[in-house]
Structures are given as structure tokens and as C-alpha cells.
Amino acid sequence: MRKVNEIIIHCTATRADWWESKSSQAKVNEVRRWHKDKTWSDIGYHYLIDRDGTVVDGRPVERTGAHVNGHNTGTIGVSLFGGLGSNENDKFSDHYTPEQGTALRDLLNTLKRRYPSITKVSGHNEYAAKACPGFNVREWLFDKKPRSIMKSTTLQATVGTAVAGATGAGTAIASLDDTAQLIVIAAACVAGLMLLYIARERIRKWAKGER
Ligand SMILES: [Zn+2]
């Protein structure tokens, strides 16, 4: 097995609607033609991700690719269709579809399982004065999809409402979404348990005659 320690992300620098009526494989074949025209042996990337999230194999992953000058040994090149006119610090969603985002995360996970020696995922723009792939890979990587529950502004507002208005609590709870309702109910349970605990302490003291 080839020794791989890094995945480098690229884009094809094509328009969002480029060849949109053609198949993903046809698009990959076209990119392969561009690369072969440069007298390369094959397409430079190992995987390409189409606008609808379809992942197509490029150069066999066991062969060294041709995607970053001086960093082809030990790396896997993954390219996203699109990205024309992007800048290196744009947001992923400025140029790519949610389907591409999901497919890219899934592909990264699959490759990390297959090659446990992979310790790094980077963007072409970290190695060259280029926009490619047109977003900050590091920031995107750590932008975890399910947002932390307490960061949710709806929830913060919700909790505020519930705490502030004991009288309007019933109506407030009814108007919340499911998650928020559960949270409010959980909070109420915790409060109830605390009251029970306090009551228990009182009963103990009472039993000991410390009234
Ligand atoms: Zn690139």
C-alpha cells in the first residue's frame, strides 16, 4: 500500500453550471483530457466530487498523483467541481453545494479509515499562492455541522423566556420546537429534584430534632 499521510483539497475552477447536463464521469473524462494535454500520464486528482455529491475516481489512489508541486508524494488529491472566481478565504458554501460538503466529509472519513497514517487535510492554497480550492480548508474542517445546543439563539431566547415568566411558561413551552421543549422539561425536572433534595435535608434535620 502506498504511504499516505495527507489529503489535499482542490477545485476544478469551473463555473457552477459547467457541463451541468453531462454525467459526472463525462466531466471527469474532460478534466482527464486537460491534464493529458499537459503531457501528464493521467488525470492529476485521485477523486473528484460533482455538484450533486457524486464521487468519481480519478487517478488510482495507489499511484502518486499530480496536483501540488512538490507535495504529490504521500498525498491524495481530491477535487471539487466548481470554484471558478473563488478566493482562498471564501466560505465553502459560497462556491459549493451542501451535497459536495457531505460527500467530501464522507470521503475524508473513508480515506482516513483506509489509510490510518493520514494526519493532515489541507488545501492547495496552503502550498501555493492560489485561491484553490477557494475556501479555508482548516476553518471548514472544524466548522462542525451540528451546532452546539447552547449556541442556538432560538434556544437561548427560549430558556430566557421560560426562566423569566413562570406565569406565561405554559404558553411559552407550547410554542417551542421539540428540542427546546425537551430542554425546558429537563430543566424543570432538575429544579424538581433540587427541591426534593432540599426537602430531604429538612426531613433529616427534623428527624434529628434540629427543627
Ligand atoms: Zn489545486
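In each ligand, atom 1 is the first atom listed, and ligand 1 is the first ligand listed.
Remark: side-chain polar atoms of Q25 are not paired, donor with acceptor, to backbone N or O of V56 under 3.5 angstrom. The backbone N or O of D52 sits nowhere less than 3.5 Å from a side-chain atom of D50 that would complete a donor-acceptor pair.
We find that E30 and R33 are joined by a salt bridge, their nearest charged nitrogen and carboxylate oxygen being less than 4.0 Å apart.
Here the Zn ion (ligand 1) is the vertex; the ND1 atom in H124 and the ND1 atom in H10 give an angle of 100° (to 10°).
For C132, the nearest N, O or S atom to the Zn ion (ligand 1) falls under 2.8 Å. C11 lies apart from the Zn ion (ligand 1) in this respect, since none of its N, O or S atoms is found at a distance under 2.8 Å.
In this structure, R15 places its CZ atom where only 12 or fewer heavy-atom neighbours from other residues, nucleotides or ligands lie under 6.0 Å away.
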